[in-house]
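To start, the structure itself, in structure tokens.
Below, read A as the first sequence line, B as the second, and so on, with proteins coming before strands; counting in each chain starts at 1.
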Amino acid sequence: MVRVRYAPSPTGHIHVGNARTAIFNYLYARHEAGTFLMRLDDTDLERSTEENIDSMLEDIRWLGVDWDEGYLKGGDYGPYRETERKPLYDTYIRQLLDEDKAYRCFCTKGDVEEDRRKADEEHRAYRYTGRCAHLSQTDVAARLANGDPYVVRLRIPAEDVVVHDLIRGEVTFKAEEFDDFVIARQNGIPIYNYATVVDDALMHITHIIRAEEHLSNTPRQVFIYRALGFDVPQFAHVSLILAPDHSKLSKRHGAVSVGDYRLEGYLPEALVNYLVLLGWSPKDDREFFTVDELVKEFTLEGVGKSGAVFDKRKLTWMNHMYLGRKPAADIAAILRRDFAKLYEETFGDTPEGSVLTAIDLTKGNAQVLPDLFALARNVVCQEVTIQDEKSRELVTAPEGKQVLGYLVEHYGDVPFGLGDEAMSHWVEGLRDVVPLPPKKLYHPIRVALFGAKDGPEIVKLFLALEPSVILRRLERALAL
RNA sequence: GCCCUCGUAGUCUAAUGGUUAGGACACGGCCCUUUCAAGGCUGCGAUAGGAGUCCGAUUCUCCUCGAGGGCACCA
């Protein structure tokens, strides 16, 4: 039975890299009909505020990633917040100490700094000297009685570690690269590598799918698994997501968190689809996937090894495609929820039906959700705002005057209320009565009705807008 | 400095010890069309470099270079 986990440090909105890791874990669990659990790595008390936890959860839910067990859901292996698991960590520290697989180190921070400096001077890598590795029982007892502070270090055996990585194959680390590292601080709080291992082992995690930055720490974790007598799980280290300059993707590059993209008006299905394709590829050439399809297709064999640059343009293209296919009612709901202020400003108390029509007319031209407001407002508002100078020139040009003049004069001929076909026919027929090339003929009409030369089809505009509104817009454009 | 990982076009990627190295974004052209978008066709553009094994390497091996990550009483 496959059990995987996502263990974020809830420090706010989720970085897209972490989001992808969560998605991979989720997809893998679903594909294997296993269990996906979520655990909070909240030992960074400063940043793991309730507010930050909420932001994280909001993002993960927005993405559509749900978990079976863990934080807020419960399960047989809780608690699922590291801050609540201290007794467990203590138990195993005691076990390691009792079995002499770990030892108390009374070296002060000053001692360690001194050693480190010396190593630097002699141009060798710093390793803990082992000063406290073989203190006698009585020494230890005496110093304990004296109240001397200590950290706990793991004894590292002189054996190489081979990490079997499902993505990278066998990765070998030599024993001499490691020293007896600290697993519990002076204040008794365990360090990350140790806590994660205890948690993953106790929660029976079978596959650890995480970012590549953890690969170098994996041998340390393996030492801990072995010392504790736990089975070592399977590892799969996924490459990092890079910024266009190939550095680590961070805030200075603009939007980096799931929350950022939501705010900018990307759809979760587009973000998920895009993110999955960053590092994973299917067996065929398909690019668009529903979550169900991803669950069906996703395998770790399809995950690549190299780092991937986050290309916002492709994401935007993908979002554009998703937007064009999404039902107007669904889009409207998101607009009202996530862009309430803009929605109010643009649509006010416009009837729902008109809003939906406007969205339907314009969604194919929007890249991100907020684009819709600028596009749709000219369908819904009384007055049209001409978008650009070029468009304006089209209505003020002689041909523009000619076309609009004709329409105003023959306004009574417009077949309102007679259906699509009649309207379509009439629009086509304009070519016979106004002898202009198609572009010259239709562009001014679109500018007059919609405010821009590019946008919805003329036929659709005539069908969607109120006849009185159409007349007024034509007249106003003519008067420019 | 030491260790680890990675290296196919500007970007995401596919594939193979042997075809014209395939698809997508971006960019250019054409078609369709009342415009844009979408769709169809098409162009530009890649196996980092060097050795070696082999009849033949982008694929396997080694070196170099480049990029990224890790080496904490951070996570």
Worksheet item: Ignoring hydrogens and geometry, is there a side-chain-to-backbone donor-acceptor pair from N18(A) to I14(A) under 3.5 Å?
Response: no

Fill in: Check: H31(A) side chain, F298(A) main-chain N or O, donor-acceptor pair, under 3.5 Å
yes

Pair assignment for [N], Watson-Crick or G-U wobble, requiring both distances under 3.5 Å:
{"N": "U20(B)", "answer": "none"}
{"N": "A72(B)", "answer": "none"}
{"N": "U59(B)", "answer": "none"}
{"N": "G66(B)", "answer": "C6(B)"}
{"N": "G39(B)", "answer": "C31(B)"}

Discussion item. I need the minimum non-hydrogen distance between K326(A) and K363(A), along with the two atoms involved.
Written reply: O-NZ, 2.8 Å

Worksheet item: What pair of heavy atoms forms the shortest contact from P444(A) to L404(A), and how long is it?
Response: O-CD2, 4.0 Å

Discussion item. Closest-nucleotide mapping onto RNA chain B: is E177(A) or A308(A) further toward the 5' terminus? I mean the 5' end.
Written reply: E177(A)

Discussion item. Here's a test of your reading of the structure: between W280(A) and Y126(A), which maps to the more 5' nucleotide of RNA chain B?
Written reply: W280(A)

Could you tell me the separation between the [atom1] atom of [X] and the [atom2] atom of [N], rounded to a whole number of Å?
{"X": "E176(A)", "N": "C71(B)", "atom1": "CD", "atom2": "P", "answer": "19 Å"}
{"X": "L277(A)", "N": "U11(B)", "atom1": "CG", "atom2": "C1'", "answer": "13 Å"}
{"X": "E301(A)", "N": "U13(B)", "atom1": "CD", "atom2": "P", "answer": "17 Å"}
{"X": "N319(A)", "N": "A38(B)", "atom1": "CG", "atom2": "P", "answer": "13 Å"}
{"X": "D245(A)", "N": "U11(B)", "atom1": "CG", "atom2": "P", "answer": "12 Å"}
{"X": "D200(A)", "N": "A75(B)", "atom1": "CG", "atom2": "C1'", "answer": "14 Å"}
{"X": "E170(A)", "N": "C4(B)", "atom1": "CD", "atom2": "C1'", "answer": "15 Å"}
{"X": "Y194(A)", "N": "A75(B)", "atom1": "OH", "atom2": "P", "answer": "14 Å"}

Discussion item. What I want to check is whether an N or O donor and acceptor connect the side chain of K314(A) with the base of A24(B) at under 3.5 Å.
Written reply: yes

With respect to the side chain of [X], which nucleotide from [options] is positioned closest?
{"X": "S306(A)", "options": "G69(B), C25(B), U13(B)", "value": "U13(B)"}
{"X": "V182(A)", "options": "U11(B), C73(B), C4(B)", "value": "C73(B)"}
{"X": "S216(A)", "options": "A75(B), G23(B), G69(B)", "value": "G69(B)"}
{"X": "L215(A)", "options": "C73(B), C25(B), C4(B)", "value": "C4(B)"}
{"X": "Q186(A)", "options": "G70(B), C73(B), C3(B)", "value": "C73(B)"}
{"X": "E287(A)", "options": "G68(B), A24(B), G69(B)", "value": "A24(B)"}
{"X": "S9(A)", "options": "C12(B), A75(B), A26(B)", "value": "A75(B)"}
{"X": "V309(A)", "options": "U13(B), U11(B), A75(B)", "value": "U11(B)"}
{"X": "N217(A)", "options": "G69(B), G10(B), A75(B)", "value": "A75(B)"}
{"X": "W317(A)", "options": "A24(B), C12(B), C4(B)", "value": "A24(B)"}

Would you mind classifying the nucleic acid contact of [X] as base, sugar-phosphate or nothing, using non-hydrogen atoms under 4.0 angstrom?
{"X": "D41(A)", "result": "sugar-phosphate"}
{"X": "T196(A)", "result": "nothing"}
{"X": "G279(A)", "result": "sugar-phosphate"}
{"X": "R210(A)", "result": "nothing"}
{"X": "K109(A)", "result": "base"}
{"X": "C105(A)", "result": "nothing"}
{"X": "R168(A)", "result": "sugar-phosphate"}
{"X": "F181(A)", "result": "nothing"}
{"X": "M318(A)", "result": "nothing"}

If the [atom1] atom of [N] is compared with that of [M], how far apart are they to the nearest Å?
{"N": "C55(B)", "M": "G43(B)", "atom1": "P", "result": "37 Å"}
{"N": "C2(B)", "M": "A21(B)", "atom1": "P", "result": "41 Å"}
{"N": "G23(B)", "M": "A15(B)", "atom1": "C1'", "result": "11 Å"}
{"N": "U13(B)", "M": "U8(B)", "atom1": "C1'", "result": "9 Å"}
{"N": "G50(B)", "M": "U11(B)", "atom1": "C1'", "result": "27 Å"}
{"N": "C32(B)", "M": "A67(B)", "atom1": "C1'", "result": "44 Å"}
{"N": "A38(B)", "M": "C31(B)", "atom1": "C1'", "result": "14 Å"}
{"N": "U53(B)", "M": "U58(B)", "atom1": "C1'", "result": "16 Å"}

Just to confirm, is there a sub-4.0 Å distance from OP1 or OP2 of [N] to any side-chain nitrogen or oxygen of [X]?
{"X": "S281(A)", "N": "A14(B)", "value": "yes"}
{"X": "R116(A)", "N": "A72(B)", "value": "yes"}
{"X": "N193(A)", "N": "A75(B)", "value": "no"}

Discussion item. Evaluate D115(A) against R131(A) for salt bridge (charged side-chain N to carboxylate O under 4.0 Å, His left out), listing each step before the verdict.
Written reply: CA-CA 11 Å; D115(A) 293 340; R131(A) 196 160 24 222; 2.7 Å; yes

Worksheet entry | Whether Y89(A) and Y194(A) hold their rings parallel, tilted or perpendicular, with breakpoints at 30° and 60° | perpendicular

Discussion item. Classify the ring geometry of F310(A) against Y261(A): parallel below 30°, tilted from 30° to 60°, perpendicular beyond 60°.
Written reply: tilted

Discussion item. T196(A) and side-chain contact (heavy atoms from CB on, under 4.5 Å): which single residue from N193(A), D200(A), D199(A) fits?
Written reply: D200(A)

Fill in: D260(A) and S257(A): CA distance, side-chain angles, deciding distance, side chain to side chain donor-acceptor pair (under 3.5 Å) verdict
CA-CA 5 Å; D260(A) 291 338; S257(A) 75; 3.3 Å; yes

Discussion item. Going by ring pair (Phe, Tyr, Trp, His ring centres under 6.0 Å), W317(A) matches just one of Y266(A), Y274(A), F288(A). Which one?
Written reply: F288(A)

Worksheet item: Taking the six-membered ring of Y126(A), is the NZ or CZ of R116(A) close enough (under 6.0 Å from the centre) and on axis enough (within 45°)?
Response: yes

Worksheet entry | Aromatic Y80(A) / basic R39(A) pairing, under 6.0 angstrom, 45° off normal | no

Worksheet item: When you check every protein heavy atom under 4.0 Å of nucleotides 32-37 of chain B, what one-letter string (B, S, -) results, 5' to 3'?
Response: --BBBS

